[in-house]
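Order of the sequence lines sets the chain letters (A, B, ...), proteins ahead of strands, with each chain counted from 1. Basis for what follows: all heavy atoms, side chains included, without hydrogens, waters or symmetry-related copies.
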Amino acid sequence: MELQIDHGPAYSLAVCKLSQGESIRAESGAMVSQTANLRMETSSKMGKKGGLLKGLARKMLTGESFFMNVFHAEQGPGEVNLAPANVGDIKKHDLNGELFIQSTCYLASHPDIDIQTKVGGFKNWFGGKGFFMLKAIGNGPLLLSAFGAVHEMDLTKPFIIDTGHIVAFEPTLNFKIKRVGGWFSTFFSGEGFVCEFSGSGRLWIQTRNPTEFGTKVGPKLPPTK
Amino acid sequence: MQHKIDIKPEYAMLDVTLEPGEKLIAESGAMVGMDTHLDMKAQSRGGLLKGLKRKVMGGESFFQTTFSAKQEPGQVLIAPGSPGDIEEMVLAERQNLMLQSAAFLACTEGVTLDTKWGGAKGFFSGTGMFLLKATGPGTVWFSSFGAVRPIRIEEEYVVDTGHIVAFQETLDYSISKVGGLKGLLFSGEGLVARFKGTGTLWIQTRNPSSFAAFLQPFRPVEKS
């Protein structure tokens, strides 16, 4: 499997070259184009394990699609191009162990990687700004998508990140979901919920916050009935 | 006529200088700026009926804007509505280029635009894929949402209809779904165009419909 990111950082496209017998799992709706010899399988399985219940948990918790698509190169080598809905970059990560991923930032992964749904803490149910995470476990390449650019940070001191800017982080980091400065601030500062990290490890953030963008542009759209 | 595309690839803009007597036809609303002495006229190209057909079949603007230089040269700046790139193609006499209608940005005077070819296929299959046929001689400029990527097709190739920008007439296509019934209902992939033949296809790396779907939850709710 050869994964190449083109047209970055603004409008990245993941070009996934599969050898015969290989396959790749991708977020629902991410397929841009593909060679005709690939077979697409729609599945609620999110890894080697998993199945209906996991798919259901993902739908209920993250609001993401119940299903993912797996592209199989069965009759020879093939190619599939993948992209997220929003403008921004794609980051390739070679997973060796575990990684926490903000659910909207998952784009694709090697089929041997198991994707589990993790709740980011029930506190965030009140915030309206969902912060749900997936936990990727296994070995192999993984594709993360960002709204805006991806910025990599190696944390060695406690640090606070707005939940809307988190892309992914290593499990060596401890995290706590918190409100900033009491309820008043939560509602009026516009900062909502933040994630307080401690310990050391790598963190990837996105330079734009999808919720902030939606909040700016959304009111200009005609109202829904 | 002198022309160049600036600020490629993220926020490309077309910069054209017309010599006296020359004309540029652009998608309505695409003008960014122009010299004061240029003549600007909104018109339905090819008469009202052809324009109406384009509106109904092609989904693009009924009117196009024609810029012309009379006594002296003049400059006009043209940009598409979405963030993304602009590509240009020079068409020989009777050479055709198929364009997703929203991808049309501008053309020189000699180019004719028609929805006759294949437009009906998109229209009647309910795919929302409306095609224009641009016929030379002349230069046509088209725009993409995100980056534009040429793909050389030798055999069969599958593209999400929302990612098609343009393709050469040597390619034939049919609209289908991917992955069977389950795929259609649950894959989130919608409909795809299956291309056959040999030729170049240009795709855009972002899909306007997917982007609109992202914004949908942020729309205000109408108070009754």
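Across B:R206 and A:G88, no two heavy atoms sit closer than the pair NH2-O, 2.9 Å. The two residues A:G218 and B:P220 come nearest to each other via the heavy atoms O-CD, 3.2 Å.
Taking a 6.0 Å sphere around CZ of B:R94, one finds it holds 12 or fewer heavy atoms contributed by other residues, nucleotides or ligands. Enclosure of atom NZ in B:K41 is not indicated, since only 12 or fewer non-hydrogen atoms of other residues, nucleotides or ligands lie within 6.0 angstrom. More than 12 heavy-atom neighbours from other residues, nucleotides or ligands sit within 6.0 angstrom of CD on A:E152.
When each of B:S210, B:G146, B:P217 is checked for heavy-atom pairs under 4.5 Å with chain A, B:G146 comes out on top. Each of B:G84, B:A213, B:G162 has some count of heavy-atom pairs under 4.5 Å with chain A, and the biggest count is that of B:G84. Among B:R149, B:E156, B:K196, the residue with the largest count of heavy-atom pairs under 4.5 Å with chain A is B:R149. Counting heavy-atom pairs closer than 4.5 Å to chain A, the top residue among B:V159, B:N207, B:T205 is B:T205. When A:V80, A:L38, A:L13 are compared by the number of non-hydrogen pairs under 4.5 Å with chain B, A:L13 comes out ahead.
Interface remark: B:I203 contributes side-chain atoms only to the contact with chain A (heavy atom separation under 4.5 Å). Only the side chain of B:I151 comes within less than 4.5 Å of a heavy atom of chain A; its backbone N, CA, C and O stay farther away. Only the side chain of A:N81 has a heavy atom closer than 4.5 Å to any heavy atom of chain B. Neither the backbone nor the side chain of B:P208 comes within contact range of chain A; no heavy atom of the residue lies under 4.5 Å from a heavy atom of that chain. In this structure, the portion of B:Q204 lying under 4.5 Å from any heavy atom of chain A is its backbone and not its side chain.
Interatomic distance, A:S33 OG to B:L201 CG, rounded to the nearest 0.5 Å: 7.5 Å. With values rounded to the nearest 0.5 angstrom, B:D160 atom CG is found 10.0 Å from A:Q34 atom CD.
Note on ring orientation: taking the six-membered ring where Trp is involved, the planes of B:F211 and A:F213 are tilted (angle from 30° to 60°).
Within the 4.5 Å cutoff, the side chain of A:L221 has no heavy atoms near those of the B:F218 side chain. Counting heavy atoms from C-beta outward, B:V158 and A:M40 have side chains that stay 4.5 Å or more apart.
Side chain of A:Y11 to main chain of B:E10: a donor-acceptor pair is present (N/O by atom type, distance under 3.5 Å, no hydrogens or angles). With hydrogens and angles disregarded, a donor-acceptor distance shorter than 3.5 Å links the side chain of B:R219 to the backbone of A:P222. In this structure, B:R194 contributes its side chain and A:A36 its backbone to no donor-acceptor pair below 3.5 Å.
Between the side chains of B:Y157 and A:T35, no donor N or O sits under 3.5 Å from an acceptor N or O.
Residue-level contacts of residues 14-23 of chain A with chain B, in order of numbering, are A:V15; threshold 4.5 Å between heavy atoms.
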